[in-house]
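Scroll down for the structure; my scribbles are underneath it.
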Amino acid sequence: MTRAEPESTRTERKDRTHYLYIAVIVAVVAGVTLGFVAPEFAQELKPLGDLFVALIKMMIAPVIFCTIVLGVGSVASAAQVGKVGGLALAYFVTMSTFALAIGLVVGNLLDPGEGLQLSDELAATGSEQVAEEETTWEFLLGIVPDTLVSALTSGEVLQTLLVALLVGFALQAMGETGEPVLTAIGYIQKVVFRVLAMIMWLAPIGAFGAMAAVVGATGVDALKSLATVMIGFYVTCVLFVFGVLGTLLYVVTRVNIFKLFKYLGREFLLILSTSSSESALPRVIAKMEHAGVDRTTVGIVVPTGYSFNLDGTAIYLTMASIFVADALGKPLSLGEQISLLVFMIIASKGAAGVTGAGLATLAGGLNSHRPELVEGVGLIVGIDRFMSEARALTNFAGNSVATVLVGHWTGTVDRERLDAVLDGQRPFDESRMLDD
C-alpha cells in the first residue's frame, strides 16, 4: 500500500499536463477565431507567440550540451560515437534526396504558380528576404564559437554541438577523474528539464498569440488564392512521412509509425502551435531516452538531425521554387531545379527549425542562382507561416524516425522498453521530463 500513494500522485500530475495540452488546442481555435473577427487587434498579439518561442529557444543550448556531454562522456569507446554519427549522416543525406525528388515530381505535376500575378508590393517584400550571401568557408568558420562558453549563449545549434562533443570526448578520456564532472552535469540537466517543464505552462498563451496574429495578418482571401500550392505541399509531406518514412520504419524495425507519433503527440501539437520544430527539441530528447534509445544515440542523432535532416524543408524549397518561377513566367529547367535546390538544402544548415528561416533560405538561394526570381518570394510570404507548420512537423517526424532507425542499426535501443512505452505500459513523467 505504501507505493500506491506515490503512484496516485504521479497520475494526478500527468492529468494536469494533459489538461495543459487541451488548453493549447482551445487556445489555437480561439486565436484563429479572433484573427478573423478582429484582425487588427489580433496582429498586435504576435509578441505573445514570439515570447513563448523565445523562452523555448533559451533552453535549446543547455539541453543539447548536457545531453551530448553525458552521452559521449559516459561511453567507454569513442568508436561507438563515430559509428552512430556516421550512420546518422548517411541516413540524413539519403532521406533528403528522397524528399527533394518527391518535391520536384509533385511541384512539376501541379504547376502551382501558373496564372498568378505579382504586385509591386509583393515584389518588394520578396527582395527584403534576401540575406547576405555566406560562402562555404564562412559557414565552417561560423561553427567555431568565439569562446568555449559563448557557444551556450549564442543560440547557434552547431556551435553548441561542437563544444559539447569536445567536452564529452575530453571527459571520456579522463576516465574516473571526469566522473565528478559528469555527475554535476547530470544534476544540471535535471534543473534544465524542470525549468523547461515550468515554461510549458505558458504554451496556451503562446499558441493563442501566434495563431491570432498570423490569421489576422493573412486573412482568408490570401489563403484561397494560394490554396493549390499550400494543399499540395501538405499532401506531399503526408505522403513522404507515411509512405516513405512509415514504410521504412516498419520494414527495418517492425515499429508502427502511428504508435510512435501517438507517443510524441504532445510534441507535434506544440510544433503545430508554435510553427517551430525547435520548440519540441528538448522534449523529444527526453522522450526518446525514456523510450529506450541509448542516451549517446539520442544526444547525437536528434541535435544533428535538427541541422542536417531537413525533409520538410527540402520539400518546401523544391515546391516553392517551382511555384515562384512559374508565377513569374520564368520556369526552371530540370537541371536548374536540381542545381538550385541542392544548393539551398546545403545552405539551410541548422536554421530550418526556426520560424521563418525557410523563407529566408528560399530567397537567398534564388538570389544566388536566379536573381530575377527573388521578387516572386513575396507570393509565398502570405502563407509561409502555414507552410512553415507542415515543414516543421515533417522535419520533426523525420528526426524521430531517424532516432529509432539509427538506434536499431547500432544496437543501442532497448526493444522491450520501446515496445512497452509505445503500447502505453510505461508512461512518460511529464512533471520532471526525466527518466531516473
Side-chain angles (χ1 to χ4, degrees), residues 50-75 78 81 84-85 88 134 138-174 177-200 202 267 270 274 276-289 295-309 348-355 357 399 403 432-434:
D50 294 341
L51 175 63
F52 177 70
V53 174
L55 286 170
I56 294 294
K57 289 175 65 177
M58 174 183 72
M59 306 302 297
I60 299 298
V63 166
I64 291 178
F65 179 79
C66 292
T67 302
I68 293 182
V69 170
L70 289 173
V72 175
S74 60
V75 174
V81 178
V84 172
E134 182 180 47
E138 288 173 338
F139 164 56
L140 293 176
L141 289 173
I143 298 177
V144 181
D146 294 332
T147 67
L148 197 68
V149 179
S150 66
L152 302 179
T153 59
S154 65
E156 294 291 337
V157 175
L158 293 180
Q159 290 185 1
T160 306
L161 275 170
L162 175 63
V163 171
L165 285 171
L166 291 175
V167 173
F169 281 121
L171 291 173
Q172 184 186 89
M174 291 170 64
T177 310
E179 287 297 328
V181 180
L182 286 173
T183 301
I185 293 178
Y187 283 115
I188 293 174
Q189 185 190 51
K190 292 178 183 293
V191 174
V192 168
F193 277 134
R194 185 59 64 92
V195 172
L196 184 63
M198 294 164 58
I199 291 174
M200 290 307 301
L202 296 177
E267 286 66 48
L270 177 60
T274 62
S276 171
S277 57
E278 281 199 357
S279 62
L281 190 150
R283 288 181 54 86
V284 74
I285 287 177
K287 294 193 81 168
M288 294 310 289
E289 286 186 20
R295 174 178 287 173
T296 303
T297 301
V298 174
I300 293 174
V301 176
V302 175
T304 305
Y306 267 70
S307 295
F308 296 103
N309 191 34
S348 61
K349 305 185 291 297
V354 182
T355 305
N399 287 325
T403 306
R432 294 178 301 134
M433 293 182 62
L434 281 174

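- Atom CD1 in Ile300 sits 6.5 Å away from atom CG in Leu165 (nearest 0.5 Å).
- Taking the side chain as every heavy atom from C-beta outward, Ile285 and Glu289 approach each other to under 4.5 Å.
- When all heavy atoms are compared, the tightest approach of Ile188 to Cys66 is CG2-SG, 3.9 Å.
- The shortest non-hydrogen separation linking Glu267 to Val284 is CG-N, 4.5 Å.
- Annotation: side chain of Gln159 is not in contact with side chain of Val144 (no heavy-atom distance under 4.5 Å).
- Looking at Val84 and Val301, their side chains come closer than 4.5 Å, going by heavy atoms from C-beta outward.
- Residues Tyr187 and Thr183 are in side-chain contact: their nearest non-hydrogen atoms beyond the backbone lie under 4.5 Å apart.
- Phe65 is not listed as a side-chain neighbour of Val192, based on a closest heavy-atom distance of 4.5 Å or more.
- Put simply, the side chain of Pro62 does not reach to within 4.5 Å of the side chain of Leu152, judged on heavy atoms.
- In this structure the side chain of Val69 reaches within 4.5 angstrom of the side chain of Leu171, judged on heavy atoms.
- With rounding to the nearest 0.5 angstrom, the OG1 atom of Thr296 is 8.5 Å from the CD atom of Gln172.
- With rounding to the nearest 0.5 Å, the separation of CD1 in Ile199 from CE in Met58 is 4.0 Å.
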